[in-house]
2 protein chains.
Amino acid sequence: MAPIFSTRPLYLQLRDVLTERIATGEWKAGVAIPNEGDLAREFGVSPGTMRKALGMMEGERLVDRRQGRGTFVKDQGSEDRTIRFSNIRGADGMRISGAVTQAHITEGTANDLECARLRLRVQDPVYRVRRVHSHEDRTFMIEDASMPAVLFPGLADSNGHSHRIAELAQQHGMLLGKAEERISIDQASPDIAEALGIASATPILLLDRVIETLGGRPVEWRLGRCHLASDSYLAEMR
Amino acid sequence: MAPIFSTRPLYLQLRDVLTERIATGEWKAGVAIPNEGDLAREFGVSPGTMRKALGMMEGERLVDRRQGRGTFVKDQGSEDRTIRFSNIRGADGMRISGAVTQAHITEGTANDLECARLRLRVQDPVYRVRRVHSHEDRTFMIEDASMPAVLFPGLADSNGHSHRIAELAQQHGMLLGKAEERISIDQASPDIAEALGIASATPILLLDRVIETLGGRPVEWRLGRCHLASDSYLAEMR
DNA sequence: TAGTGGTCTAGACCACAGA
DNA sequence: CTGTGGTCTAGACCACTAA
């Protein structure tokens, strides 16, 4: 197909269109999408080009492809996806997310740190939520998270919203990309120490994490105060 | 080409052969390799298949490909590659490796932890080396590293060997793949504290890292004791 | 201008899953 | 058995680089 309207590679344009169908929910989680051939015909491209677009989406973990079965939309709100941005692992090496007891969501305006991490301007509205993570009856992390309010319209008003970023993103038609986490050592303040069941001033991990959309826009900034005990933090490098 | 001798995908077989040429030094670092068409003819495959193999090698960071220029072998021993497995960053966000003052290499037999991390059997021979990392006149990390002796024949005998794992691997015809690092909090022992210029029992990061070859064989296990100060540890998640 | 990798096409056949 | 994605082929043309 001649690049009449855009010189951008066809397979990238295709990926964007197909990704949009997932983000909007036109293609639902867990459901098979049309096969390569049909999609290629629909868009008037050759099968190989469509294949390249779908392969790229598999790399972005938007779809699963399996020989003989088909191409399936991944569930972005599932447990897997929630755990994806937690590097804390139990003694068995499995990722831990932990049950969360939620304090209510509050609304406010961005402070300096929120502006820097979420790339906002001063006074931009944000939602804030505290999450307490427990695993096997032990509280191991207290999180204070902030999200740009523009991305989550009406979040504080209504009930029934999840506090988990993966579900929130799904509900608001956003797809999560990568995250960065800065790790340092902190001392537990009295209230944090009490919540974690440790002595005040015990050294703990300070986990400063920013999650971005697939497009690179910051979605959530979170400060986690974590007492590992027998668990461990595991980073992979490639 | 009919899969007479092997049912393994052609492009994987091609990747392995081409990778071997880099590992052995037949194709030297920084030098351009033959173009797609010539390689395809040499192996009697179609250009598209050769392209897939080369694309895979680019993903494994073995080569750089640039339109209009060619395909170039990456230098596995370069500064870039050394820093690749360090997640410590300065205030400017750049990765820090730091100058290393080397204590000499010693030989020994694997202890329990070395057996577990390097997948060795008890009493298997290992080389050990302590590295002291400094950045801008500050010592920030003390490393104790262990390597399976079978992979680095004659390492303790001769001089002139590097202590950097990237260079050592290159000299011994190995290509490095991924690494995993477990992070926890430790207290500085008196000798570590003195080396790091901090008070004894100051909380520090304990960095327990295993580097593997591209094939998944453990190459180096390292225990780093790290005092961050204004630097930070940065983990990426995808 | 010549040579490179990047994109795109239009098929073929194979391996695999499920009815 | 049918339909799926996986592999492989054999070209075409384009964008970029460097001489």
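Model, not experiment: these values are computed from the prediction. The figures that follow rest on heavy atoms only: side chains count, while hydrogens, waters and symmetry mates do not. Just so we're on the same page: letters track the sequence lines, and every chain starts at 1.
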Does [X] put a side-chain nitrogen or oxygen below 4.0 Å from OP1 or OP2 of [N]?
{"X": "Arg69(A)", "N": "dG5(D)", "answer": "no"}
{"X": "Asn35(A)", "N": "dG3(D)", "answer": "no"}
{"X": "Thr49(B)", "N": "dC8(D)", "answer": "no"}
{"X": "Arg65(A)", "N": "dG6(D)", "answer": "yes"}
{"X": "Lys52(B)", "N": "dC8(D)", "answer": "no"}
{"X": "Thr71(A)", "N": "dG5(D)", "answer": "yes"}
{"X": "Tyr11(B)", "N": "dC8(D)", "answer": "no"}

Under 4.0 Å between a side-chain nitrogen and a carboxylate oxygen: does that hold for Asp208(B) and Arg117(B)?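 Answer for the salt bridge query: yes.
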Are the charged groups of Arg238(B) and Glu236(A) less than 4.0 angstrom apart, N to O? no
Whole angstrom value for the distance that separates [atom2] of [N] from [atom1] of [X]:
{"X": "Asp64(A)", "N": "dC16(C)", "atom1": "CG", "atom2": "C1'", "value": "16 Å"}
{"X": "Arg8(A)", "N": "dC8(C)", "atom1": "CZ", "atom2": "P", "value": "11 Å"}
{"X": "Leu39(B)", "N": "dC8(D)", "atom1": "CG", "atom2": "C1'", "value": "17 Å"}
{"X": "Arg41(A)", "N": "dT4(D)", "atom1": "CZ", "atom2": "C1'", "value": "13 Å"}
{"X": "Glu36(A)", "N": "dG11(C)", "atom1": "CD", "atom2": "C1'", "value": "14 Å"}
{"X": "Leu10(A)", "N": "dA15(D)", "atom1": "CG", "atom2": "C1'", "value": "15 Å"}
{"X": "Met56(B)", "N": "dT7(D)", "atom1": "CE", "atom2": "C1'", "value": "12 Å"}
{"X": "Phe72(A)", "N": "dG18(C)", "atom1": "CZ", "atom2": "C1'", "value": "11 Å"}

Could one point to a donor on the side chain of Arg51(A) or the base of dG6(D) with an acceptor on the other under 3.5 Å away?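 A donor-acceptor contact between them is present.
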Check the pair Arg81(B), Glu167(B) against salt bridge (charged side-chain N to carboxylate O under 4.0 Å, His left out), reporting the backbone distance first and the verdict last. CA-CA 9 Å; Arg81(B) 315 305 283 172; Glu167(B) 284 177 21; over 6 Å; no
Sidechain-backbone polar pair: Gln13(B) side chain, Arg8(B) backbone, donor-acceptor under 3.5 Å: yes
On DNA chain C, check which nucleotide each of Pro47(A) and Gly68(A) is closest to and give me the residue with the more 5' one. Pro47(A)
Which residue is it: Arg95(B), Arg89(B), Arg138(B)? I am looking for the one with a salt bridge (charged side-chain N to carboxylate O under 4.0 Å, His left out) to Asp231(B).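 So the option named by the test is Arg138(B).
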Looking only at dT4(C), dG5(D), dC16(D), the nucleotide nearest the Gln67(B) side chain is dC16(D)
